[in-house]
Number of protein chains: 2
Amino acid sequence: MAVKKLAALAQNSRLAIFRLLVQSGPDGLCAGDIGARLKVSPATLSFHLKELNNAGLVRPRQEGRFVYYAPDFNQMNALLAFLTENCCGGVPCDTASACPPPASTPASSRKTSS
Amino acid sequence: MAVKKLAALAQNSRLAIFRLLVQSGPDGLCAGDIGARLKVSPATLSFHLKELNNAGLVRPRQEGRFVYYAPDFNQMNALLAFLTENCCGGVPCDTASACPPPASTPASSRKTSS
DNA sequence: TTCATATTTCTATGATTATCGAAATGTCGA
DNA sequence: TCGACATTTCGATAATCATAGAAATATGAA
């Protein structure tokens, strides 16, 4: 749902988190690193990550004691597509997919959630 | 900035309002018509329109007793560009502008209320 | 097992938001 | 001018949200 995704991004900390994850590539970052970089307390960070996860914009992946969060580019593309189509007079981008699809994920487990 | 625009769209009524305005073309719709179509009470509608206006996504234009609201495609494009660039791994759309620019405003068609 | 670390959940609190009735403001037509 | 209509502002209320300390959970290491 578009509203859910929009709401997930419509908050400073969460937008910063998502941008950081996008910059950090498809493997993502573990929660602790995100918190350290953005100076967010663990509890607050967990709250925001859950929110992003509920919106489908990030995928958590447990690795030992750490939980890595990676952006879901497909979901982000879906949001862009919705906005382009529904909020832009129906004039879509030429490119069907503006974000790099998660085809190459060299790290570990292959998960597909929507 | 982006958060403000995202927040403006991250609400069911407001997203519906904005979509309706986009569908209705560059002339926009007067507040009363929007309220009638979407079944939103005047006070609530005014609240949401102010929110959209504060975010820069719509432009109000007084015409007699009526206030017409039209989408600002440039601002919407700016949001799309931001999301594509900052939240999509920096892989932009080929098209520089996905939304029709407000260059030509054929304000000839006059829609009347109820 | 026991400890240290990573993350989440619980809980409380203050802040923001959405809603709408009622009143106020603004504009037109008679 | 007045009265009707369009819209906004005011005021109150309920709901949701952001924050973070403290406790709980989970995993790896010693």
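This one's a predicted model, so the numbers in the text were calculated from it and none came from an experiment. Order of the sequence lines fixes the chain letters, A, B, ..., with proteins taken first and strands second; residue numbering starts at 1 for each chain.
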Heavy atoms only: give me the nearest Pro71(A)-Arg59(A) pair and the separation to one decimal.
O-NH2, 4.4 Å

Nucleic acid contacts of residues 32-43 of chain A, taken as heavy-atom distances under 4.0 Å to DNA chain D
Ser41(A), Ala43(A)

Do any N or O atoms of the protein come closer than 3.5 Å to N or O atoms of nucleotides 25-30 of chain D, and which pairs are they?
none

I need the Leu57(B) CG to Leu49(B) CG distance, nearest 0.5 Å.
11.5 Å

Hydrophobic side-chain clustering at under 4.5 Å (ILVMFWY, transitive links): who's grouped with Phe47(A)? Put none if nobody.
none

To the nearest 10 degrees, the angle between the two end axes of the helix from dT1(C)-dA30(D) to dA30(C)-dT1(D) (five pairs per end) comes to 20°

In Å and rounded to the nearest 0.5 Å, what is the CG to CG distance from Asn74(B) to Leu79(B)?
12.5 Å

Whole-Å distance between dT8(D) P and Phe66(B) CZ?
13 Å

Minimum heavy-atom separation for Cys87(B) to Met76(A), with atom names?
O-CG, 3.5 Å

How many angstroms lie between CG in Asp27(B) and CG in Leu21(B), if you round to the nearest 0.5 Å?
11.5 Å

Please compare His48(A) and Leu45(B) by the position of their nearest nucleotide in DNA chain D and report the one closer to 5'.
Leu45(B)

Nucleotide range of DNA chain C contacted by chain A, 5' to 3', under 4.0 Å to a heavy atom?
dA4(C) to dT9(C)

I'd like to check the side-chain contact (heavy atoms from CB on, under 4.5 Å) partners of Ser24(A); sequence neighbours left out, ordered by chain and number.
Leu20(A), Leu29(A)

Hey, quick one: are Val3(B) and Leu80(B) part of the same hydrophobic cluster, counting side-chain heavy atoms closer than 4.5 Å, chains of contacts allowed?
yes

Are Leu38(A) and Tyr68(A) connected in a single hydrophobic cluster, I mean Ile/Leu/Val/Met/Phe/Trp/Tyr linked by side-chain heavy atoms less than 4.5 Å apart?
no

Determine: side-chain N/O of Thr44(A) to OP1/OP2 of dT19(D), distance under 4.0 Å, yes or no.
no

Pro60(B): partners by side-chain contact (heavy atoms from CB on, under 4.5 Å), with sequence neighbours left out:
Asn53(B), Val67(B), Tyr69(B)

From NZ (Lys5(B)) to CG (Leu83(A)), nearest 0.5 Å:
12.5 Å

Closest heavy-atom pair and its distance - Cys88(B), Phe73(A)
C-CE2, 4.2 Å

Presence of Tyr69(B) side-chain N/O under 4.0 Å of dA6(D) phosphate oxygens OP1/OP2:
no

Counting only heavy atoms and a strict 4.0 angstrom limit, can you tell me which residues of residues 2-18 of chain A come near DNA chain C?
none

Backbone of Asn77(B) reached by a side-chain donor or acceptor of Gln75(B) within 3.5 Å
no

Among residues at least two apart in sequence or on other chains, which ones pass side chain to side chain donor-acceptor pair (under 3.5 Å) with Glu51(B)?
none

When you get a sec, tell me which of dT9(D), dT7(D), dT19(D) is the closest nucleotide to the side chain of Phe47(A)?
dT19(D)

Only pairs under 3.5 Å count here: list side-chain donor-acceptor contacts from residues 6-19 of chain A, not counting sequence neighbours, and write none if there are none.
from     : atom 1 : to       : atom 2 : distance (Å)
Gln11(A) : OE1    : Ser13(A) : N      : 2.9
Gln11(A) : OE1    : Arg14(A) : N      : 3.2
Arg14(A) : NE     : Ala8(A)  : O      : 2.7
Arg14(A) : NH1    : His48(A) : ND1    : 3.1
Arg14(A) : NH2    : Ala7(A)  : O      : 3.2
Arg19(A) : NH2    : Asn86(B) : OD1    : 2.6

